[in-house]
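First up is the structure itself, then whatever we jot down about it.
The structure presented is a predicted model; accordingly, all values stated were derived computationally and were not measured.
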Amino acid sequence: MDLKTWRFRKVQAGFVIGALVAAYILGTAADLVPRKLDVLLCLAGGAAGWTTGILFSPKDGQFSQFETFRNAIGAFLGGIFAAEAIDLAGYIMSNDSLITIQNTERAFLFAISFALALLFTFVGRYSDSAFDGDD
């Protein structure tokens with residue numbers, strides 16, 4: 001099997017596996033009404049990690065375009081964080097009902113899903129770039 005066919009098969013397998021996992025997760029969440037938010041946080045964390053992994057691992061021809069995206073997104077998120085961080089921290093610290101075990105678990109679910117998707121995306125794109133010279 002040549003390299004282009006192998007890459008195409010790898011992308012196809014990724015889409016199929018991703019669709020099956022998403023369908024399973026959403027199907028399971030429909031039965032577990034109290035846990036729907038947890039499932040959605042995992043999916044959101046995975047999508048955010050995947051996007052971040054792509055932005056931080058551009059291919060050879062994408063460096064300048066991705067640099068523009070990273071700068072724009074960084075400026076936007078930095079502005080939001082700088083404007084709201086102190087108010088948000090004060091609100092969280094003054095409201096004891098927000099710091100619960102369930103909310104802490106949800107924060108960890110999002111963070112772990114984000115980190116795993118970031119890792120898989122970055123490693124997949126990085127290892128795939130090792131084959132770029134073999135076309």
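Minimum heavy-atom separation, T121 to G53: CG2-C, 3.8 Å. In plain terms, the two heavy atoms of F56 and F122 that are nearest each other are O-CE1, 3.6 Å.
Side-chain heavy atoms closer than 4.5 Å link hydrophobic residues (I, L, V, M, F, W, Y) into clusters, and following such links, even through other members, never connects F76 to F114.
We find the CG-CD distance between L41 and E105 to be 12.0 Å, quoted to the nearest 0.5 Å. One finds the CZ atom of R106 at 13.0 Å from the CD1 atom of I101 (value rounded to the nearest 0.5 Å).
Legend: side-chain hydrogen bond (donor to acceptor under 3.5 Å, both in side chains) pairs involving residues 44-57, not counting sequence neighbours, sorted by first then second residue: S57-R125.
In L77, the CG atom is crowded: over 12 heavy atoms of neighbouring residues, nucleotides or ligands sit closer than 6.0 Å.
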